[in-house]
J.: 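Dropping a structure here in structure tokens format, bear with me for questions.
Quick caveat: nothing in here was measured; it's all calculated off a predicted structure. Worth knowing before you read on, the calculation uses all heavy atoms, side chains too, and leaves out hydrogens, waters and symmetry mates.
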Amino acid sequence: MSRKVKDQLCNMLIWLSAAFSVGILVLVVGFIFSKGWSKISLDFLFNDYESKTQYVTLESDQAYQAPASLSESALFSENLGVALELKEDHYEIVWMDKESPLKEATNNADEKVKISKGDCVQQIKVSGKSLKLDKKTDQEEIVKALNENNTLVMKVMSVGGGIFPMIVSTLLLVLVALLFSAPIGILAAIYLVEYAKPGKLVNVIRFATEILAGIPSVVYGLFGMLMFVNTLNLGMSILAGGLTLTILLLPTMMRTTEEALKVVPMSYREASYGLGANKIQTLSKVVLPSAIPGILVGVILSIGRIIGESAALLFTIGTFAKLPVNPESGNFSLLETGTSLTVRAYIEVKESGNVEMAAAIGIIILIVVFTLNLFSRLIAKKFSKANN
Amino acid sequence: MKPKFSVSDLNLFYGNFQALHQINIEIPSNQVTALIGPSGCGKSTFLRTLNRMNDLVDTAKITGNIQLDGENIYSDIDVMKLRTRVGMVFQKPNPFPMSIYDNIAYGPRCQGVKDKQRLNQIVEDSLRGAALWDEVKDRLNKSAMGLSGGQQQRLCIARAIAMEPEVILMDEPTSALDPIATKKVEELMEQLKKKYTIVIVTHSMQQAARISDKTAFFLMGELIEFDDTNKVFTNPQDKRTEDYITGRFG
Amino acid sequence: MNLKKLLSLVAVATVSLSVVACEGQTEKKEDQKTAESTETPALKEGVIDVVSREAGSGTRQAFEEIIGFNGEGQTPLTENVTIKDGNGVVATYVAENEQSIGYVSFVTLHENEGSIEGLTVDGVEATPENVLNGDYAVARPFEMVYMDENLTDVERAFIEFAASQDGLDILDENGTIVDNSKAEAFDMTKYDQLSGNLMMGGSTSTESVVKALADEFCALFPKVTYEYNATGSSAGVKNAIDGTYKLGFASREIKDSELESGLQTMTLCMDGIALVVNPTNEVEDISTEQIKEVYTGNITEWSALAK
Amino acid sequence: MKKDMSLNKRRVVLEKFFHGVFLLAALIAVLSVALIIIFIFGKGLAPFFSGNEYGTYSFIDFITGLKWTPQSGEYGVGYMIVNSIFATFGAILVGVPIALFTAVFIAEIAPKWLAGIVRPAIELLAAIPSVLYGVFGFAVITPLVKQFSPYPTGDSLLAVIIVLTIMILPTIVAVVETAIRAVPKSYKEGSLALGASKIQTIFKVTLPAARSGILTGIILGVGRAIGETMAVILVAGNPESGIATTIFSRVRLLTTNIALEQGYAAKLHEQMLFSTAVVLFIFIMIINLVLAQIQKRGGDR
């Protein structure tokens, strides 16, 4: 084959490979967006995941006007100033008067309860009789029950399906993991590049880091469970997950920081020493400032890895989608269980075959990770421009 | 006149390769001493022993004795202090990726000088001392990377002067510069000679003849001859010096 | 030099293979919508694609015990089986593979009504009633386990609620099988203002049912919160014993060895295991004997089952 | 104006302190590996020694066994080891050339604006969580493979290889691209100056010069492929026995075995899962040792 043809073939292969790589990305991202886009909404982002059912007691003392825009199929109650409408198999609140007693509803423990449009009313108990609301219940009976003017107990369910608890747990995980792995990783890399004399000790450290980088995340999951959950008795918790991720991230942090430090020209160090500066001054004033772009890349890579990690968290942080809040004290606690976005996405597919929910979570993750990438690229560019 | 550096029986090994053999030399103060010789003859290595820059090379080992004003610099002394007394300018200009001002102020700041006024004064004096003040005085906070090769080298000289050293070591300072910039740096050295002892490694024998008072000729890690520059260039004692100077080899 | 030659040689061969796969893939994307129109191999001649659960799953252990295979001295499970680790994934897999057969809990069948079809076993419909009257044999208990000394009154109230008429109604609504003939209504007044956190966990099959119970319970006692970690039946039992979970849940009989440590157990309800196939599958009924033959690999063709 | 050169005690102590801190941080990596080994090997190797409270199991049967049926007490990971090797080798065979060519494309061939698009695209590919690759594989790749497969199911070694190839692409491309860009310009100019074409320069000068970067990329690719769990668990089929005879046969890998049964395992069964982790761990050690040797010998000569 003449050189020209060989070149042509190679060139074609190179373009094809690049097209294949980008094509795959478009396919995977396209699939995720097509499957998950329909579920994306503000509620999806901020609602609780689990639906919450409440018994609320209501008294009404005035009559209310139905709004003009109400659709016929909606049932309106003058007594409570609220309209319900049958959606598939449950009745949903479609309209509420501003002063409706529902706004001041209290539950069995006399705590105020927030009831909003879209919540579903499952049952009404009034003057001794209880009426279940589903597609089989007779609509006149519902209206009659709604309009009986004495105390009424209503069973209201706020529909869940949101991923807010998972977002919070994931953010806490990122914080805990970075808080430990960044300092250790950076300091370790400084030792390896600036201090270490070639010899047995450095080889041992390098070999250990290589091993850590190679260990599959499922093995980290087992180790995390054994060490942090059981032996250190942290139990399944954000902290246990965070510590497991810390070790998992160490090699990435160390390697990227090492690369960043190596990129700093030796002449800078020589110049600094030549001016009588000592090692620490040289490090803090010259070497580290110009290595920051590289270190930032390491941090961003790690955040991306934390958000994407699932195997290492399966056995360490729990699977229940709730805010990591201590029930007694009511404030955030790292010792509480929580579940991350990816772990929940896996369980959605595994346990209920819910590909749409997993894809929707995937969309959120992609958006977060992509903005992180963009953000770090801008910073890196700004810093490198400032340096030379 | 007491010598600035008195070097006795100096040997240097990189691992098991011996780079310097039994060097004995007395470097006079407030004069320019040139070190010449073919590449790889150990002149740069010798220069770097004077401010212990070779410590950065793990495999380097030194025997013998170097006295700066009578004090052995290889005893247990503060190497940082040594390097503030013995400044250095490298072959390739290596300004920090910072502003011109910060480059000059770097050394003093490392030694704990914080007062703004004093720093401004040091920066101005050093830049004037390096004949660079007029060219950069209105863009002190611009990045030093924007300067030309010659300006960058003079900036490095100014940076060294800012430490108020007693000696300035120059490792082929002009080999990376064009002729005009080289001329400027050489004129500068004429000024510097008055205040500082200068030891310069150079490939160009014309440069050595032009600016140096004394010249030392190195060959294969040995000091062959060391004398007044015009004596070394007009009637060298050792045949090997004569061959090198007349360009027969090297 | 040789590294370069090896790489380009390998490159030429494999890139074309993956490009074909990639072309196939992109084209696959378009015609996925018209999957129905491409004629699938005639079902009758098709090989049976046997699907089972992963070792240790409560649903699988109960299924194999009742049908009577894969245990000590019994014929083992067939070699070519696809293992899916969860009711949901089994259901989705069966929904998308015409020739597959799998087994899921009634709860999952109840949730995936349209996309998969339950077979009748020995002519008996897979419904809670038939399990109650004993005609439908393939069922297993949902067990709640706890250590008595770990319990506070929140847990005791929840246990009482689960056994009460209200609790059984909820279990019934979620597709499990309860015998609520003799249960009385839950008396809320016995417990004045309850508060605390119900720390629960265990089998994945019982998760949705226990959550339904806990939702109702927390509606009655708003100061109570709950948490359910789906970490598997064995983890449920293990954590109940060491106190990580106050209440553990398993989707299988509790082994005597597990009871030694003083573990208390209570059967919440029964849950049938339904044999499910793809809706396009013409087979309606399967006998217990045939189930054993299929899952031990003696019957491999759908034609052997078609009436 | 002599500055005496006596030692400044305070600064020397400070210097020593920082040196200690940096060293300690570096040792944490060693400590973590030691802890992992102690815990995983501790629990994983227990069944092979007498006196284990949950009963013993022969190591030979474990390593060479072709059947994994915990309820009948048989724990053989032999077939999983072979399947894992097949899957990883397949992914490297297909993935490395593509990744290499893509890296060359970004670093050398593509015009600046196009490289500016392709590079972040590849980075985003690396950022996609493996669970989503699993979902993609489950919904798109297995149905595709089913069309070509003699078996009624798409779950297969081929599906695993395709998913793993996609996953290792970004890892290898990133490392190789930086290695190519680190090759000094003077090499390329030297080759072009001698009349070599752009493509020849790439293959004859640039790639050989970036050899150590390419090898590192392959190391990372192998490590990522052998360790992947969540992306392949939904497409592997995970049968209880059998080495893959064709690329269409179902496979169970070492990693999927652990993730599948960890929730349900107890006593001896759980220990055997840790033994599987030990095998995986030894795999990683071997891979690192072998490729570290190659890198040292074939490195930046």
J.: Non-hydrogen atoms of chain D under 4.5 Å away: do they reach the side chain of C:Thr204, the backbone, both or neither?
T.: both

J.: Report yes or no: do C:Asp49 and C:Tyr93 form a side-chain donor-acceptor pair below 3.5 Å?
T.: yes

J.: With chain D as the partner, which of C:Thr82, C:Val89, C:Thr92, C:Asp85 has the greatest number of non-hydrogen pairs under 4.5 Å?
T.: C:Thr82

J.: Salt bridge or not between C:Arg60 and D:Glu240? Use side-chain N to carboxylate O under 4.0 Å.
T.: yes

J.: Answer with side chain, backbone, both or neither: which region of C:Gln61 has an atom nearer than 4.5 Å to a non-hydrogen atom of chain D?
T.: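 Contact with chain D is absent: no heavy atom of C:Gln61 under 4.5 Å.
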
J.: Please classify the contact of D:Leu234 with chain C as side chain, backbone, both or neither, using a heavy-atom distance under 4.5 Å.
T.: both

J.: So which part of D:Glu270 gets closer than 4.5 Å to some heavy atom of chain C, the side chain, the backbone, both or neither?
T.: side chain

J.: Can you find a side-chain donor-acceptor pair between C:Thr296 and C:Thr75 that sits under 3.5 Å?
T.: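 No, no side-chain donor-acceptor pair sits under 3.5 Å.
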
J.: Is D:Lys188 salt-bridged to D:Glu108, cutoff N-O under 4.0 Å?
T.: yes

J.: Start with the C-alpha distance between C:Lys84 and C:Glu96, add both sets of side-chain angles, then the distance that settles salt bridge (charged side-chain N to carboxylate O under 4.0 Å, His left out), and finish with yes or no.
T.: CA-CA 14 Å; C:Lys84 290 288 168 188; C:Glu96 273 163 24; over 6 Å; no

